[in-house]
*Asks:* 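Once you've had a glance at the structure underneath, I'll fire off some questions.
Just so you know, these numbers come straight off a predicted model, no measurement behind them.
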Amino acid sequence: MESLDPRLNRVNLEDKSLLKPKVALDQFETYETFVQTNENKPYQHEGVVHAPNEDMAFLFAKEQFSRRGTCSGISVCKTENVIVSPTTENGKNIYDEYEPHGSELHEYEKYEVFHLFRRGKQHQHIGQVEASSYDEAFNKSKAIYNNDKTVLNVWLVKTENILFVDENYRDIWHTLSEKQFREATAYRALDKIKKFKEENS
Amino acid sequence: MYGGGNTFEKLQTKNVEDEDPQLLAVFEARIERGEKIEPSDWMPDLYRKQLIRMIEQHAHSEIIGALPEGTWVTRAPGFKRKLALMAKVQDEVGHAQLLYSAAETLGKSREQMIDDLISGKSKYSNIFNYPAYTWADSCFISWLVDAGAIVNQTANSRGSYGPYCRALERICIEESFHLKYGHHCVIHMATGTTIQRKMMQEAINRWWKPMMHFFGPSDKISAHTEILMKWKVKMDTNDNMRNQFLDMYVPKIWELGITVPDPKLKKNNESGRWEYTEPDWDEFKRVINGDGPCNAERIAVRRMAEQRGRWVRKALLSPKSKYVTPLA
């Protein structure tokens with residue numbers, strides 16, 4: 001096999017001897033990523049990264065979700081640490097429909113609350129509660145954060161399970177001026193076409 | 001970038017008639033209302049399997065699609081082009097990550113998807129089985145293959161599966177830079193020296209055939225897709241998307257004084273449809289089944305990456321880790 005890319009001809013691409021199926025977790029665990037696009041907006045769920053640990057998850061998430069456009073913060077947590085309520089049907093409010101029970105009791109600690117307001121959209125960070133179990137955290141967020149807006153689904157994550165970036169390191173997000181070449185606006189060429197047409201008409 | 005939804009062979013799934021009629025009715029009513037389906041919702045087997053295959057093929061297309069352009073990074077003419085092309089290639093690989101995650105929410109692990117790519121079991125967009133001989137070929141891909149992908153992806157982003165739609169929205173925003181960058185490159189070549197113009201014309205001549213294949217077989221011969229359109233898995237027919245692409249981009253090629261190598265190509269102003277020479281669907285099938293100029297090389301490069309990275313992944317893997325399906 002002769003490739004058009006000279007680099008590829010230097011390696012033995014025909015060698016299939018080492019081809020074997022991937023082992024479980026070869027691609028690591030998943031981390032849910034929450035992104036704040038600017039300082040006045042809430043953190044919002046954006047997607048998943050696969051990583052071997054929390055710090056790497058943060059680095060991958062930063063590369064994946066702040067590479068383009070504006071970003072003022074990213075936090076990550078292991079998927080298994082997100083406790084998910086059922087989702088309501090027909091626009092009913094989950095806080096009216098669901099009573100959690102049976103979660104383990106712990107010391108008092110902080111929980112982060114995320115709400116889903118519309119199907120197809122993403123969960124938004126709403127605030128924090130202090131509680132001694134997930135059930136209590138759910139009930140407390142009902143008391144504090146349930147208002148006119150219908151909540152379809154709630155995510156709860158213990159604060160200690162989320163990796164946040166220290167507020168003092170806000171500078172790391174001010175990269176917009178360095179990535180102009182990643183924006184469509186850097187590639188204007190209408191003048192060239194116009195000139196070409198004039199010269200050839 | 002992607003030319004998807006069209007490389008499907010028949011799937012082995014539970015018959016729709018065997019699904020629970022009540023659950024099916026709720027599912028279809030939800031789609032009818034314009035609501036999205038989320039991973040925790042009930043869905044028919046056919047819907048799940050078809051989406052896994054479609055999103056997975058899309059993800060593979062992003063990975064493989066980065067290869068013909070990626071090999072031009074070292075040879076790109078000048079620093080600015082190198083910087084832009086590198087950013088574009090990075091975006092494509094990022095898109096694959098988003099898409100693998102979306103497919104994963106449906107129950108197929110990323111390990112299995114990558115295995116299926118490098119063993120040759122899964123398909124990806126056929127156009128990447130053709131070689132990029134010159135810099136002008138790379139320009140063609142950046143502009144017109146991405147343009148085709150945007151037509152496709154914009155349609156799919158109105159589909160019914162929540163995680164896929166959200167990934168596509170993000171991808172479409174990022175693709176706008178690719179399109180502008182690609183157009184910028186092509187304009188530069190087409191308005192340049194005689195040799196540059198000739199290079200650009202030759203690239204268009206080489207790529208037109210796979211570009212016409214890109215949207216998949218003609219509706220006349222393509223597999224039955226009625227139920228997939230009803231479930232908003234497939235959002236438009238192959239011919240409609242091809243027509244939309246021609247409508248948007250043929251005039252932009254012509255205005256640069258470049259010709260398209262199809263004497264029959266013209267717009268029928270009465271029907272609003274483009275007329276063209278019927279693409280060679282036998283060649284399309286032959287290439288997609290492995291007999292194209294670059295199939296072997298594309299897969300071999302991925303296999304090499306897989307082998308070379310294996311020790312790193314092994315070293316990083318913690319014995320305590322545990323797999324959980326991503327949420328959304």
*Asks:* Would you please say whether a donor-acceptor pair under 3.5 Å links the side chains of B/Glu104 and A/His50?
*Replies:*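 B/Glu104 vs A/His50: donor-acceptor pair found between side chains.
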*Asks:* Is chain A contacted by the side chain of B/Ser40, its backbone, both, or neither, given a heavy-atom distance below 4.5 Å?
*Replies:*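 Just its side chain gets close to chain A.
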*Asks:* Salt bridge or not between A/Arg182 and B/Glu174? Use side-chain N to carboxylate O under 4.0 Å.
*Replies:*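 So A/Arg182 does not pair with B/Glu174 through a salt bridge.
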*Asks:* Quick one: of A/Glu32, A/Arg67, A/Arg188, A/Glu80, who has the most non-hydrogen atom pairs under 4.5 Å with chain B?
*Replies:*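 Max contact count across the listed options: A/Arg67.
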*Asks:* Is A/Glu199 close to chain B through its backbone or its side chain, or both, or neither, when contacts mean heavy atoms under 4.5 Å?
*Replies:*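 No part of A/Glu199 comes within 4.5 Å of chain B.
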*Asks:* Looking at every heavy atom in both A/Ala189 and B/Ile187, which two are closest together, and how far apart are they?
*Replies:*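 Smallest interatomic distance, heavy atoms only, reads CB-CD1, 3.6 Å.
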*Asks:* Non-hydrogen atoms of chain A under 4.5 Å away: do they reach the side chain of B/Lys314, the backbone, both or neither?
*Replies:*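 No part of B/Lys314 comes within 4.5 Å of chain A.
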*Asks:* Chain B: which of A/Lys78, A/Arg118, A/Lys179, A/Lys121 shares the most heavy-atom pairs with it under 4.5 Å?
*Replies:*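 The candidate making the most pairs under 4.5 Å is A/Lys121.
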*Asks:* Check each atom of A/Tyr31 against the heavy atoms of chain B and say whether the ones under 4.5 Å are side chain, backbone, both or neither.
*Replies:*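 Contact with chain B involves no heavy atom of A/Tyr31 at all.
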*Asks:* Let me know if A/Val23 has heavy atoms under 4.5 Å from chain B in its side chain, its backbone, both or neither.
*Replies:*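 Looking at A/Val23, just its backbone touches chain B.
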*Asks:* Using side-chain contact (heavy atoms from CB on, under 4.5 Å), reason through A/Glu63 and B/Gln90 one step at a time and then give a plain yes or no.
*Replies:* CA-CA 10 Å; A/Glu63 202 57 45; B/Gln90 188 190 18; 2.7 Å; yes
*Asks:* Considering only heavy atoms, which portion of B/Ser101 lies under 4.5 Å from any heavy atom of chain A: side chain, backbone, both, or neither?
*Replies:*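 The side chain, not the backbone.
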*Asks:* Against chain B, label A/Asp26 side chain, backbone, both or neither, depending on which of its atoms sit under 4.5 Å from a heavy atom there.
*Replies:*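 The answer is both parts of A/Asp26.
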*Asks:* I need the residue from A/Met56, A/His45, A/Lys195, A/His123 with the largest number of non-hydrogen atom pairs under 4.5 Å to chain B.
*Replies:*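 If we count pairs closer than 4.5 Å to chain B, A/His45 comes out on top.
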